[in-house]
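This structure is a prediction, so every number in the text was calculated from the model and none was measured.
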Amino acid sequence: MIPTIALVGRPNVGKSTLFNRLTKTRDAIVANFSGLTRDRKYGDAVHGDKRFIVVDTGGISGDEDGIDSYMAEQSLQAMEESDIVLFMVDCRDGITLADQQIAEHLRSLSKPAFVIANKVDGLNPDVATAPFYEMGLGEIISIAAAHGRGINNMLDCVLAGVDEVQELEDEEHKRGIKMAIVGRPNVGKSTLVNRMLGEERVIVFDLPGTTRDSIYIDYERDGKPYTIIDTAGVRRRKNVKLTVEKFSIVKTLQAMGDSNVVVLVMDAQEGVVDQDLHLMGHAIDSGRALVVALNKWDGLEEDHKAHIKRELERRLRFVEFADLHFISALHGTGVGNLYKSVEKAYKAATEKYSTNFLTRILEQIVLAHQPPLVRGRRIKLRYAHAGGHNPPVIVIHGNQTNEVPKHYVRYLEKAYRKALDLTGTPVKIEFRSSENPFAGRKNKLTDRQHTSKSRLMKHVKKKK
């Protein structure tokens with residue numbers, strides 16, 4: 001059994017820095033800003049031949065109010081779920097009332113817990129860690145997470161009783177379909193995540209920007225593995241002022257690129273706004289399969305619903321390949337139907353096709369509507385083969401392919417999507433120009449003729 005290790009402690013003691021150090025990633029946002037981590041964040045880590053799952057949590061200050069109380073609940077739940085707890089404290093701050101409260105809770109859990117004294121760089125470790133022994137949690141391990149000092153020694157102590165792992169599981173197989181839930185702030189993304197998971201897994205709070213990081217959550221439904229990614233809301237660039245929020249937007253865009261299917265959540269009460277269209281553009285540019293969910297549909301007047309549907313038909317023509325669902329994440333209406341579209345979009349985005357099959361389709365497409373003439377010569381498209389998937393990439397070989405106009409490229413994309421019955425995914429067309437075996441032959445013949453003519457003239461002059 002792979003152990004789960006939770007990182008807990010007060011805000012800004014270095015939990016996310018240690019998380020990134022252990023997972024060898026930059027998945028957790030790190031900045032000199034208290035309360036940055038709000039949800040539990042899971043990551044895989046390996047030390048020698050031992051593998052473990054590390055959980056980053058929000059800080060517990062002891063005087064939580066409003067959203068901070070939800071953050072504290074997430075941290076307490078992470079302690080309950082974990083096999084080992086790393087209780088992080090700040091050497092420079094010394095022991096605080098919040099530290100003592102967390103220690104008291106840990107003693108009641110009766111599970112392995114280690115006090116990790118962080119930020120010991122530049123200090124005498126013995127002197128800096130001495131005050132923390134009064135918490136009664138055993139030996140204190142000193143580290144400097146930002147510089148990577150003491151990490152290996154810490155892991156040797158923490159993982160002393162953990163069995164070795166013979167081989168790592170295939171990550172894609174374990175996670176299955178990865179769905180990124182994206183949208184503007186406060187459209188109900190976290191509510192939808194909780195509804196799909198069937199538990200209060202992520203914080204839901206009536207405040208825009210509650211989710212600041214991208215949270216990856218592995219789960220199963222009907223025996224099938226999924227990974228759902230709850231992302232931060234993306235606002236218009238002129239409204240983004242906090243550096244933390246800029247980090248969050250970057251993480252959201254990275255999550256879209258890392259996913260197999262993007263579920264774009266929009267607010268039915270507000271209709272389609274420009275930022276929704278920008279997010280759709282990002283999803284298409286990243287090549288991800290797309291499912292659109294119009295949330296908060298329940299309770300709208302029939303006239304308003306009719307108006308929204310007309311707006312959708314007018315403004316979403318460029319994503320006509322994507323399935324559209326009218327849902328209520330809060331009440332669960334229509335949420336179960338999202339899985340069918342996600343499965344269908346994923347299948348379409350990852351299907352494999354033979355060269356012969358794609359070439360036959362190309363012949364039918366060209367027969368129905370030939371490429372245009374360029375400077376009096378017809379563009380010739382000869383054969384096609386697969387160049388990748390998620391999104392499907394079709395590579396077409398021929399002559400003068402660099403001259404294919406954009407309108408004909410769009411025709412090819414639409415025709416291939418229809419012929420392959422692709423739903424929920426864009427299609428990318430790439431071209432390769434075949435070399436003309438007769439290119440330059442005329443000049444060679446002219447040179448040869450010129451040489452023969454010169455020899456003939458010399459022979460004539462000699463005779464004269």
Side-chain angles (χ1 to χ4, degrees), residues 27 38-42 74 175-221 224-235 248-268 270 273 275-284 286 288-297 319 322-346 349 390 424-425:
D27 285 349
R38 288 181 169 174
D39 290 300
R40 308 196 305 277
K41 185 175 186 65
Y42 292 75
Q74 290 284 313
R175 283 188 162 170
I177 300 175
K178 287 189 285 188
M179 299 177 285
I181 311 298
V182 303
R184 294 179 292 112
N186 216 30
V187 296
K189 299 183 297 297
S190 294
T191 304
L192 177 59
V193 170
N194 285 336
R195 175 64 63 177
M196 295 179 78
L197 292 173
E199 63 170 300
E200 295 299 317
R201 174 57 185 82
V202 293
I203 297 171
V204 179
F205 199 79
D206 189 17
L207 173 69
T210 301
T211 303
R212 282 183 175 153
D213 209 342
S214 297
I215 312 300
Y216 286 65
I217 307 165
D218 299 327
Y219 70 107
E220 285 191 1
R221 182 178 187 270
K224 296 180 180 178
Y226 296 91
T227 295
I228 199 165
I229 312 172
D230 185 26
T231 65
V234 179
R235 297 193 292 168
S248 299
I249 292 172
V250 171
K251 301 298 287 187
T252 295
L253 299 180
Q254 288 176 341
M256 291 171 70
D258 189 38
S259 67
N260 302 121
V261 182
V262 172
V263 179
L264 177 65
V265 184
M266 300 190 299
D267 191 329
E270 298 181 15
V273 301
Q275 189 61 17
D276 294 328
L277 302 180
H278 290 316
L279 284 170
M280 289 181 190
H282 281 301
I284 293 172
S286 64
R288 300 305 91 175
L290 178 66
V291 176
V292 180
L294 207 66
N295 192 26
K296 308 179 185 178
W297 188 249
V319 288
D323 281 349
L324 175 64
H325 292 269
F326 302 95
I327 69 168
S328 171
L330 186 62
H331 302 106
T333 308
V335 172
N337 295 329
L338 290 174
Y339 283 98
K340 292 182 181 178
S341 294
V342 167
E343 292 276 357
K344 188 165 56 173
Y346 176 73
N390 206 185
T425 181

Report summary line: One should read off an interatomic distance between Met196 CE and Leu338 CG, to the nearest 0.5 angstrom, of 5.5 Å
Report summary line: For Tyr226 and Glu343 the tightest heavy-atom approach is OH-OE2, 2.5 Å
**Report entry** Exercise: identify the closest heavy-atom pair between Lys178 and Ser259
**Finding:** O-CB, 3.6 Å
Query raised in the report: So, for Met256 and Ala180, which heavy atoms are closest and what is the spacing to 0.1 Å?
Result: CA-CB, 4.4 Å
Query raised in the report: Can you tell me how far the OH atom of Tyr216 sits from the CG atom of Asp230, to the nearest 0.5 Å?
Result: 11.5 Å
Query raised in the report: Nearest heavy-atom pair of Asn260 and Gly176: which atoms, and what distance?
Result: OD1-O, 3.8 Å
Query raised in the report: Going by an N to O cut-off under 4.0 Å, is there a salt bridge joining Asp276 and Arg184?
Result: yes
Report task. Return the minimal non-hydrogen interatomic distance between Val182 and Lys189, and the atom names on each side. Result -> C-CD, 3.4 Å
Query raised in the report: Does Ile181 offer a backbone N or O that forms a donor-acceptor pair with the side chain of Thr231 under 3.5 Å?
Result: yes
Report task. First locate atom CG of Leu294, then atom OG of Ser328, and finally report the distance between them rounded to the nearest 0.5 Å. Result -> 11.5 Å
Report summary line: Nearest heavy-atom contact between Asn337 and His325 is O-CE1, 3.4 Å
Report summary line: Distance col, row Thr425:OG1 vs Asn390:CG, nearest 0.5 angstrom, shows 6.5 Å
**Report entry** Non-hydrogen side-chain atoms of Val319 and Leu264 separated by less than 4.5 Å
**Finding:** no
**Report entry** Straight-line distance of Leu192 CG to Arg195 CZ, nearest 0.5 Å
**Finding:** 9.5 Å
Query raised in the report: Does Asn295 use its side chain to pair, donor to acceptor, with the backbone of Ala329 at less than 3.5 Å?
Result: yes
Query raised in the report: Within a strict 4.5 Å, meaning less than it, do heavy atoms of the Tyr346 and Met179 side chains meet?
Result: no
Query raised in the report: CZ/Arg221 to CG/Leu197 distance, rounded to the nearest 0.5 angstrom?
Result: 11.0 Å
